[in-house]
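Everything below concerns the one structure shown next.
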2 protein chains.
Amino acid sequence: MMFGDFRLDAQEREALNAISSKIHKPAKCRIYAQDEPARYLYIIRSGAVRLEYQREDGRNQIFAFLWADNMFGTAENGLYRASAVTLIDTYLFQIPYPALRTLIEFRPRIQTLFLQHALKYTRATERHVLLATYPLVTKRLAGFLLECSKQADFFDRRSHILTLAMDRKDIADYLGIALETTSRTLKVLEDMDLIKRLSSQRMQINTEQIRIMISQ
Amino acid sequence: MMFGDFRLDAQEREALNAISSKIHKPAKCRIYAQDEPARYLYIIRSGAVRLEYQREDGRNQIFAFLWADNMFGTAENGLYRASAVTLIDTYLFQIPYPALRTLIEFRPRIQTLFLQHALKYTRATERHVLLATYPLVTKRLAGFLLECSKQADFFDRRSHILTLAMDRKDIADYLGIALETTSRTLKVLEDMDLIKRLSSQRMQINTEQIRIMISQ
DNA sequence: CGTTCGGTTGATTCCGTTCAACGCGAGTGG
DNA sequence: CCACTCGCGTTGAACGGAATCAACCGAACG
């Protein structure tokens, strides 16, 4: 990575802190809506957020699920490109764009942080493309579970138990499939002994076997 | 956009120029390969490039088609994430990463340029997700043609004639469909009077009607 | 004139969508 | 406490669209 080792120094961190406010949102709460003027940039302190895009034809596409330490709220022509909605109880940093721009003029080095995050988000979106274009839905979903299991907060490495913060519709809208297919395919994965469903939101997953299945 | 109005000043441009070399690649030439150590960042002066990702299962996924003024060559853990291949005769700026890092330490403001490009690429990738997840292939391909028609170098606004720099396989690998489907779907679009094929690489396209079709 | 490569077309198969019904737990009010 | 509803997840049957495998076409090239 280009700036993998970058860290803000104490002064920079404080300067950024000075213009940020800490805010809280309960679960299933809209933080902002698509096409609304982009006033703030957000950083997740804890919780989870989905970015969703409303298509002209009425369907919904989820661009990303975001976790602690991720950033969101980038704009296109001054407007938010997608809506941001909390999946669960979430705490955020809220940074007003005008103040941020001023800060960056004085301390251009801070941009590295944002460049770092932009590159991270881009990689995630590329992985998203890879998932969403698997011709077989089993691979899409299996790959999605692997992706989720990278989130330490929601995956226990000992017991291999994954807790999903999103519902079936969210998964379907992320992978571009019908929500019934999500259900059915989870069953297929269970029949292949790749996962064991404990409840609708919790499952034990066999990461090794899943990886093998995907690469075939 | 966050830094839509940013421009390098004369000094900065010169400093960046000093560490860049101008190189040339003929059509269908590999610039670098996936998983190779990332030594250079590239900016396209003229021409067109595709970024392609080789999957474990042997299939190929194209991440993006890039045109003049675009940047590519970002790394993950020091390695290129995808291969870069020219579609046509292409002229590039080649910027070595070590020199770039040093330059940025002295002139951190230059980073804005890279942040700008990263955000632009991210938006393109999000549009890619939207295209690749249309349930109907006709919409995927139609949307792709619209996307291509944004490139002034390859689309004549008067005659509405689009020149494709990529072949059928590339389009298929970009949209996640079979190459035969690309052919068939072009025929469907022609039967719907949305396009008129002049040759395999050139076609006249009805952007208005296509937009309407997609939003239904 | 034969070869090769990219593009097109055809027939069959299969996978995911659609529309519909059903199950189940949580919350609510009588 | 039970009946009812509501949201969410699951299951079933029929349909349709894209993949696959195969053949074919035409232009470029030696």
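It should be emphasised that the depicted structure is a prediction, and the values quoted were computed from it without experimental measurement. Within every chain, numbering begins at 1; the chains are lettered A, B, ... in the order of the sequence lines, protein sequences first and strands thereafter.
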**Q.** Any R184(A) side-chain nitrogen or oxygen under 4.0 Å from OP1 or OP2 of dG16(C)
**A.** no

**Q.** Length of the CZ-C1' vector between R202(A) and dG9(D), whole Å
**A.** 17 Å

Q. Q201(A) has a side chain; which of dA13(D), dG9(D), dG7(C) sits nearest to it?
A. dG9(D)

Q | Whole-Å distance separating the CG atom of L175(A) from the C1' atom of dG16(C) | A | 13 Å

(Q) Categorize L136(A) for me: base, sugar-phosphate, or nothing, with a 4.0 angstrom heavy-atom threshold over every strand shown. (A) sugar-phosphate

Q: Let me know the distance between CD1 of I171(B) and P of dG6(C), rounded to the nearest Å.
A: 14 Å

Q | Value in whole Å for how far the C1' atom of dT8(C) lies from CG of L179(B) | A | 10 Å

**Q.** Residue mapping more 5' on DNA chain C - nearest nucleotide basis, D167(B) or T181(A)
**A.** D167(B)

Q.
Please check: side-chain N/O of R168(A) versus main-chain N/O of S200(A), any donor-acceptor pairing under 3.5 Å?
A. yes

Q | Cation-pi, F93(A) ring and R45(A) (6.0 angstrom, 45 degrees) | A | yes

Q | N/O donor-acceptor pair under 3.5 Å between D156(A) side chain and R158(A) backbone | A | yes

Q) Would you say K187(A) reaches dT11(D)'s phosphate, i.e. side-chain N/O to OP1/OP2 under 4.0 Å? A) yes

Q) Counting N and O atoms only, with roles assigned by atom type, does the side chain of T90(A) sit under 3.5 Å from a partner on the main chain of A48(A), one being a donor and the other an acceptor? A) yes

Q: Can you tell me the distance, in whole Å, between the CZ atom of R197(B) and the P atom of dC25(D)?
A: 17 Å

(Q) Can you tell me which nucleotide in dC21(D), dT17(C), dA18(D) comes closest to the side chain of E180(B)? (A) dC21(D)

Q: Provide, to the nearest angstrom, the distance between the NZ atom belonging to K28(B) and the C1' atom belonging to dC5(C).
A: 9 Å

Q) Rounded to whole angstrom units, what separation is found between the CG atom of L141(B) and the P atom of dG7(C)? A) 13 Å

Q | Spacing of R59(B) atom CZ relative to dA18(D) atom P, expressed in whole Å | A | 16 Å

Q | Per S183(B) side chain, nearest of listed nucleotides dG12(D), dT10(D), dT9(C) | A | dT9(C)

Q) For M166(B) and P135(B), take the nucleotide of DNA chain C holding the closest heavy atom to each; which residue's nucleotide lies nearer the 5' end? A) M166(B)

Q: Scan R140(A) against the nucleic acid and name what it touches under 4.0 Å (heavy atoms): base, sugar-phosphate only, or nothing.
A: nothing

**Q.** N/O donor-acceptor pair under 3.5 Å between S20(B) side chain and I95(B) backbone
**A.** no

**Q.** Nearest to side-chain heavy atoms of A178(B), which nucleotide of dA19(D), dT10(D), dT17(C)
**A.** dA19(D)

